[in-house]
Amino acid sequence: SKSDRLPILQKKMREYIENGVRLGWLIDPDKKRVHIYRADKTVEVLENPAKVSGEDVLPGFELDLSEIWWGAYVAKFISDIDFVQLKCFC
């Protein structure tokens with residue numbers, strides 16, 4: 001199931017941070033959650049945010065999540081949606 005893949009993706013995000021990535025977003029479209037991974041190893045989970053920012057890593061950058069949330073909503077009626085497919089929406 002899709003929920004079984006989330007722990008695998010969370011582990012990958014932790015590995016990215018351990019290898020020097022300063023900021024990462026793991027977007028869960030089904031639950032409208034964004035897990036924000038930071039260089040200090042903290043993880044913040046946002047519920048249904050309208051956008052996420054690039055913080056000090058990408059100053060001024062903001063990702064509008066409305067299309068991702070809408071795409072996930074529409075996709076539920078069309079076919080099964082997958083975390084990998086969502087990367088294309090971004």
Side-chain angles (χ1 to χ4, degrees):
S1 78
K2 293 176 202 173
S3 63
D4 293 340
R5 287 180 261 169
L6 184 59
I8 293 168
L9 294 172
Q10 289 171 322
K11 182 179 182 217
K12 285 183 181 181
M13 293 298 287
R14 288 189 300 272
E15 289 173 1
Y16 295 149
I17 294 296
E18 289 170 6
N19 285 299
V21 171
R22 294 171 37 206
L23 178 67
W25 303 314
L26 177 56
I27 301 171
D28 181 347
D30 292 328
K31 295 186 178 168
K32 292 188 175 181
R33 286 187 187 142
V34 177
H35 303 248
I36 302 174
Y37 290 77
R38 296 187 177 94
D40 65 2
K41 311 257 189 299
T42 61
V43 179
E44 179 181 5
V45 179
L46 303 178
E47 300 286 337
N48 196 20
K51 59 187 173 183
V52 290
S53 78
E55 302 180 2
D56 63 335
V57 177
L58 295 168
F61 178 81
E62 290 185 341
L63 175 63
D64 180 353
L65 295 168
S66 61
E67 290 186 36
I68 292 173
W69 300 153
W70 177 249
Y73 174 77
V74 170
K76 286 181 183 180
F77 295 103
I78 297 172
S79 66
D80 285 338
I81 193 161
D82 179 292
F83 285 100
V84 175
Q85 290 171 328
L86 278 174
K87 290 181 183 176
C88 296
F89 283 85
C90 298

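Position 1 is the first residue of the sequence, and the numbers go up from there.
- Taking all atoms of both residues into account, the shortest heavy-atom contact from Ile68 to Pro29 is CG2-CB, 4.5 Å.
- Screening residues 34-48 for salt bridge (Lys or Arg N to Asp or Glu O under 4.0 Å) gives Arg33-Glu47, Arg38-Glu44, Arg38-Glu55 as the qualifying pairs, with residues at least two apart or on separate chains.
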Under the salt bridge (charged side-chain N to carboxylate O under 4.0 Å, His left out) rule, what do Lys11 and Glu15 come out as? Steps first, then yes or no, please. CA-CA 6 Å; Lys11 182 179 182 217; Glu15 289 173 1; 3.7 Å; yes
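- Leu6 has its side chain within reach of Leu26: a pair of non-hydrogen atoms, C-beta onward, lies under 4.5 Å apart.
- In this structure, the side chains of Leu63 and Ile27 come closer than 4.5 Å at one or more pairs of heavy atoms.
- Atoms CG and CH2, from Asp30 and Trp69 in turn, are 9.5 Å apart once rounded to the nearest 0.5 Å.
- Contact record, Pro49 with Val34: CG-CG2, 3.8 Å, taken as the closest heavy-atom pair.
- Separating the CG atom in Leu65 from the CD atom in Glu67 is a distance of 10.0 Å, to the nearest 0.5 Å.
- Residues His35 and Met13 have side chains not in contact (no heavy-atom distance under 4.5 Å, counting atoms from C-beta outward).
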